[in-house]
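Since the structure comes first, as structure tokens, the remarks are kept for the end.
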Amino acid sequence: MNVTINGETRSVSAGQSLADLIAAHTTARSGVAVAVNGEVVPKTTWPDHVLEDGATIEILTAVQGG
Amino acid sequence: MNVTINGETRSVSAGQSLADLIAAHTTARSGVAVAVNGEVVPKTTWPDHVLEDGATIEILTAVQGG
Amino acid sequence: MNVTINGETRSVSAGQSLADLIAAHTTARSGVAVAVNGEVVPKTTWPDHVLEDGATIEILTAVQGG
Amino acid sequence: MNVTINGETRSVSAGQSLADLIAAHTTARSGVAVAVNGEVVPKTTWPDHVLEDGATIEILTAVQGG
Amino acid sequence: MTDSFKIGDRSYDSRLIMGTGGAPSLEILREALINSGTQLTTVAMRRVAAGTRGSILDLLAELKIDVLPNTAGCLTAGDAVLTARLAREALGTSWVKLEVIADEHTLLPDPIELVDAARTLVDDGFTVLPYTNDDPVLARKLEDVGCAAVMPLGAPIGSGLGVRNPHNIELMVAAAGVPVILDAGIGSASDAALAMELGCSGVLLASAVTRSQQPGLMAAAMRDAVAAGYACRAAGRIPVRRFALASSPSRDESPAF
Amino acid sequence: MTDSFKIGDRSYDSRLIMGTGGAPSLEILREALINSGTQLTTVAMRRVAAGTRGSILDLLAELKIDVLPNTAGCLTAGDAVLTARLAREALGTSWVKLEVIADEHTLLPDPIELVDAARTLVDDGFTVLPYTNDDPVLARKLEDVGCAAVMPLGAPIGSGLGVRNPHNIELMVAAAGVPVILDAGIGSASDAALAMELGCSGVLLASAVTRSQQPGLMAAAMRDAVAAGYACRAAGRIPVRRFALASSPSRDESPAF
Amino acid sequence: MTDSFKIGDRSYDSRLIMGTGGAPSLEILREALINSGTQLTTVAMRRVAAGTRGSILDLLAELKIDVLPNTAGCLTAGDAVLTARLAREALGTSWVKLEVIADEHTLLPDPIELVDAARTLVDDGFTVLPYTNDDPVLARKLEDVGCAAVMPLGAPIGSGLGVRNPHNIELMVAAAGVPVILDAGIGSASDAALAMELGCSGVLLASAVTRSQQPGLMAAAMRDAVAAGYACRAAGRIPVRRFALASSPSRDESPAF
Amino acid sequence: MTDSFKIGDRSYDSRLIMGTGGAPSLEILREALINSGTQLTTVAMRRVAAGTRGSILDLLAELKIDVLPNTAGCLTAGDAVLTARLAREALGTSWVKLEVIADEHTLLPDPIELVDAARTLVDDGFTVLPYTNDDPVLARKLEDVGCAAVMPLGAPIGSGLGVRNPHNIELMVAAAGVPVILDAGIGSASDAALAMELGCSGVLLASAVTRSQQPGLMAAAMRDAVAAGYACRAAGRIPVRRFALASSPSRDESPAF
């Protein structure tokens with residue numbers, strides 16, 4: 001199935017957890033937050049969060065700004 | 001029964017028309033508009049407009065301003 | 001002998017009058033004034049004004065300005 | 001004879017020295033300068049400076065300012 | 001320079017819109033209106049007093065000056081909308097100077113109520129000229145909901161402080177698709193001229209004229225100032241230079257003529 | 001408002017004195033001079049070029065505009081005095097716009113040479129209009145030696161920076177017994193209006209008109225701006241207020257009329 | 001003068017809030033942050049790039065500077081609210097500098113979306129510091145919905161134009177019950193000092209330091225300027241006088257001491 | 001930023017020169033002088049009153065602050081020269097702040113008497129720091145006769161109007177070969193910072209501190225403001241932009257770090 005991560009479409013195996021996906025995407029363990037389909041998903045629930053086909057995932061962190 | 005005209009309570013005979021009331025209040029025939037209970041009442045309907053007890057009537061005209 | 005007219009050295013015959021010199025330099029008859037060696041020479045005296053060797057002559061007129 | 005000190009006329013005995021006069025006028029020993037008839041009189045010469053009738057004496061010091 | 005400017009479906013020769021508020025008498029107002037050359041003027045809607053003769057309307061009719069009712073004093077969108085509808089009924093015009101103020105101390109516009117009221121009135125067929133603050137973003141929103149012009153303040157009503165933030169007015173003019181009319185704050189002729197030089201299509205003022213010591217004369221001053229500022233912008237001013245540039249030929253260069 | 005103002009023994013209706021420098025052509029200058037309404041204009045004195053026709057003088061004669069020769073480019077009192085005398089001889093006028101500049105980069109007046117030249121020329125019977133900086137003290141000295149007016153700069157010649165120090169101009173006007181004419185620095189109509197609002201009796205400008213993109217139109221703008229600023233001061237502007245003052249009657253108070 | 005000021009439930013000694021945007025390198029940013037003396041600084045939330053090390057957070061942790069995430073670039077209330085919530089999750093802070101801009105050209109705040117987002121975030125437990133325009137009415141609305149401070153712009157972000165409308169800032173300060181922090185537009189030390197003299201409780205700036213030629217030195221300049229402006233207001237400046245007042249005793253009066 | 005600046009043969013760390021005039025008491029003056037960090041201060045010369053103790057000199061000696069006598073109140077070159085010579089005799093210093101005013105109402109400098117006195121005193125071996133108007137030409141003349149610095153006014157003495165004509169100060173700084181010290185007119189910290197940003201080498205003020213409501217605190221404000229303005233100029237401020245420039249990375253661009 002396909003999901004969109006930070007604007008890029010990616011094919012992932014059905015039933016993959018959000019935690020695995022994030023681990024694959026960044027090594028950062030702190031200062032990172034995730035929204036799935038426009039809702040924040042708390043870090044504690046990443047392992048249990050099962051992705052659905054077509055999900056839109058945003059992984060954000062803090063950068064210089066403002 | 002009582003109505004309020006431009007902020008003043010006035011006793012009027014039941015069934016009196018809006019037209020009569022306005023005629024009693026001002027001699028101005030042009031440049032005047034009336035709202036009853038917050039809705040504009042077109043001049044053409046003044047004669048037929050029968051007042052209800054407790055009605056709030058605003059009679060406005062143009063003055064120097066702005 | 002030599003004189004300087006508006007910054008240019010010019011050889012003139014001895015005894016030449018200022019009037020002749022100006023006539024040779026410009027056709028303008030009005031709006032012109034002349035200084036010889038830093039002193040104004042009134043128009044009326046141009047014919048009688050005999051030039052000396054080495055004289056510095058400025059012939060000015062009005063132009064757009066200011 | 002009379003002299004003027006800082007704008008006030010004062011009668012002094014003939015032959016009195018400037019030093020005596022200043023001593024009588026102020027106890028300040030430093031930060032003071034004197035002009036007689038518009039000329040500065042150096043401190044070192046005060047004892048020998050004999051006043052003349054009608055002399056104008058200014059005794060100045062530094063004050064808060066500017 | 002008298003090329004006309006268009007607001008909604010009308011076009012006017014005069015770019016000075018003079019309000020009628022604050023004049024000491026009808027006679028003085030009459031002289032000021034005539035000298036100002038205005039073709040459009042504001043009036044307020046107020047409760048009729050026993051025996052009111054509506055003489056201001058007679059004056060404007062005599063002078064053939066279009067009436068622009070305002071909603072001065074309204075604190076909510078609902079109040080302003082009702083006042084605009086009463087004005088339409090009373091005066092037979094669907095034009096309105098929309099004012100929705102936040103409080104009676106600053107008389108500053110309430111941006112949120114203002115846009116709300118503007119939307120409602122445009123949908124109801126009004127030609128809406130909103131009195132707004134000098135925020136370019138709010139001006140765009142007002143244009144987007146269909147206002148026929150935007151009328152930013154230069155400074156608070158009656159303050160005479162002039163154009164406090166020329167930069168904002170320039171930003172507004174650069175982005176606007178409808179006329180920008182400087183409304184409120186003008187105190188002097190140079191203020192009015194500056195507003196036009198910034199690119200405004202017109203100037204609306206009242207107190208600067210009616211509360212001056214000689215309203216008739218001040219009205220003429222403002223008429224000339226608006227014309228001067230408009231012509232100045234059209235004529236293309238010289239660039240600003242930090243250093244001098246001689247206006248007479250150098251003494252050595254041979255003169256132009 | 002057209003009451004005349006006096007300089008020396010003359011009186012003029014127009015308070016705008018337009019210089020002739022910087023115009024791209026005589027035809028354009030002609031249109032600008034007419035539109036400006038000026039009755040007095042400056043010219044510079046330069047070496048006659050072979051075949052010079054002096055056409056600028058013909059133009060001014062045709063337009064019946066008085067000629068005010070300047071001493072532009074002079075760096076010393078002596079040089080300025082000689083130039084003034086040559087101008088008197090050439091043009092038959094004892095009026096002079098006295099300029100003694102300190103250098104050709106800033107074109108700023110040399111205060112010491114200026115007072116020196118002014119004194120000499122007044123003693124020689126000239127009507128002296130000195131171009132000065134905006135120092136109120138120097139203005140007083142120039143008046144004391146007998147100048148017929150004082151002409152402070154608003155900003156460097158040709159800079160278009162407007163009136164850089166309005167406070168100094170106000171101090172000057174408050175103390176002056178002769179007309180104060182704002183000379184140099186004007187860029188826009190609002191600059192000219194402001195100068196008059198500060199109390200100046202007139203404005204002298206050239207580049208702001210002649211170097212604009214449309215000199216004819218800009219001349220009209222400046223004419224109107226000077227009239228507007230003068231009328232504004234005469235009419236007594238409203239005081240500046242930090243807070244608002246309503247221009248429409250309160251909704252409760254019964255309306256004026 | 002170092003008495004602290006309170007925002008929400010925190011109090012800070014430094015009244016200069018320096019943003020981290022625009023620095024050419026982390027090393028230069030580090031020096032600037034140290035010299036500025038700031039105790040609170042802004043960061044933006046962006047998509048994590050493969051291998052991002054989040055080093056800005058490490059730097060702020062090392063310097064013990066509180067983090068204030070912003071919602072820069074958000075064009076709607078919804079977008080800003082989500083970004084604020086992600087920041088809270090990522091950084092463990094419920095403080096947010098709320099930015100909702102109308103477009104990416106002017107970067108000016110959208111007043112309507114801003115109030116909407118502020119209300120939602122306050123209700124959700126955030127300490128909201130909104131970046132707003134300089135409209136005193138909008139500032140009041142933001143305070144009314146529970147913002148912990150209001151942060152008006154002096155001029156557009158990164159423009160360096162300073163405080164374009166001091167009068168509006170004064171009106172805001174006079175009415176505000178929460179700290180007013182001048183945010184955006186500061187270019188020079190005198191701009192920052194002026195903001196404090198107008199009564200602001202603090203100044204927020206980034207580009208003025210990070211994009212200057214020497215960020216470390218400019219940070220120190222801004223630190224001193226904010227301190228100077230704050231002390232100046234507290235010390236009670238002399239009144240402005242149109243005329244002179246001698247600072248030395250008259251030559252006749254007998255000297256004070 | 002504390003690199004020293006040189007006047008004549010001395011060099012100072014502090015770029016703030018605080019005058020002693022106007023303080024309500026010696027105790028308050030003492031605190032203000034200490035907080036200001038000044039190393040050079042002005043005093044006036046006045047007739048000794050019976051029993052004068054010269055305590056101001058004792059204070060300056062205790063604080064190790066150099067004394068700069070002024071010629072305040074002198075209306076002619078001769079008077080100023082004599083006063084300077086008496087100061088040299090009384091105080092043992094050949095430094096003088098040269099003031100020659102035109103009248104006691106405006107306290108503005110007399111340009112002609114000033115240059116005359118400066119020439120005489122320089123020839124007599126004085127280190128002359130003249131208080132001048134803001135005319136770049138006069139500044140050059142003062143430098144040409146050998147003054148060790150030029151000290152233009154920002155506005156009239158004691159007016160607190162700040163720097164009325166920044167453009168003139170910039171022209172002066174650009175041309176000067178000696179330190180330009182802004183003298184007179186400063187009212188607030190931002191005024192002092194601006195003077196330094198314009199390129200002045202220092203600021204001289206008295207009333208702004210001594211007549212404020214809290215001189216001790218205001219002295220510290222001015223110390224910081226001068227340091228801030230000087231560092232700001234040295235650090236190279238960002239250019240002024242008419243439009244915005246984002247200080248956070250665009251939402252699409254991948255973040256710097």
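Naming: A, B, ... by sequence-line order, numbering from 1 per chain. Please read these numbers as outputs of a predicted model, since none were measured by experiment.
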Please check: side-chain N/O of G:Glu197 versus main-chain N/O of H:Ala189, any donor-acceptor pairing under 3.5 Å? yes
Which one wins on heavy-atom pair count under 4.5 Å against chain G: [options]?
| options | value |
| --- | --- |
| H:His105, H:Met222, H:Gln213, H:Arg233 | H:Gln213 |
| H:Ala192, H:Ser207, H:Ala184, H:Gly216 | H:Ser207 |
| H:Gly187, H:Gly229, H:Ala44, H:Ala206 | H:Gly187 |
| H:Ala221, H:Pro156, H:Ala193 | H:Ala221 |
| H:Ala228, H:Gly158, H:Gly160, H:Gly19 | H:Ala228 |

Answer yes or no: is there a side-chain heavy-atom contact under 4.5 Å between [X] and [Y]?
| X | Y | answer |
| --- | --- | --- |
| G:Ser159 | H:Arg242 | no |
| H:Arg46 | G:Pro249 | yes |
| G:Arg237 | H:Ser188 | yes |
| G:Leu245 | H:Arg211 | yes |

Is it the backbone or the side chain of G:Ile186 that comes under 4.5 Å from a heavy atom of chain H, or both, or neither? backbone
Closest heavy-atom contact between [X] and [Y]?
| X | Y | value |
| --- | --- | --- |
| G:Val240 | H:Leu161 | CG1-CD2, 3.1 Å |
| G:Ile157 | H:Ala246 | CG2-CA, 4.3 Å |
| G:Leu217 | H:Ala234 | CD2-CB, 3.8 Å |

Given heavy-atom pairs under 4.5 angstrom as the criterion, report whether the side chain, backbone, both or neither of [X] touches chain G.
| X | value |
| --- | --- |
| H:Ala220 | neither |
| H:Thr106 | backbone |
| H:Pro239 | backbone |

Taking side-chain contact (heavy atoms from CB on, under 4.5 Å) as the definition, give me every residue that meets it alongside G:Ile101, ordered by chain and number, with sequence neighbours left out.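 side-chain contact (heavy atoms from CB on, under 4.5 Å) check on G:Ile101 returns G:Leu75, G:Glu104, G:Leu107.
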Euclidean distance, [Y] [atom2] relative to [X] [atom1], rounded to 0.5 Å:
| X | Y | atom1 | atom2 | result |
| --- | --- | --- | --- | --- |
| H:Asp191 | G:Cys232 | CG | SG | 8.0 Å |
| G:Ser248 | H:Lys97 | OG | NZ | 7.0 Å |
| H:Tyr230 | G:Asp224 | OH | CG | 14.0 Å |

Which residue out of G:Thr20, G:Ile238, G:Asn70 racks up the most heavy-atom pairs below 4.5 Å with chain H?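 Among the listed options, the one with the most contacts to chain H is G:Ile238.
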Using side-chain contact (heavy atoms from CB on, under 4.5 Å) as the criterion, point out the one residue from H:Leu194, H:Val163, H:Leu198 that pairs with G:Ser190.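 Of the listed options, the one satisfying the test is H:Leu194.
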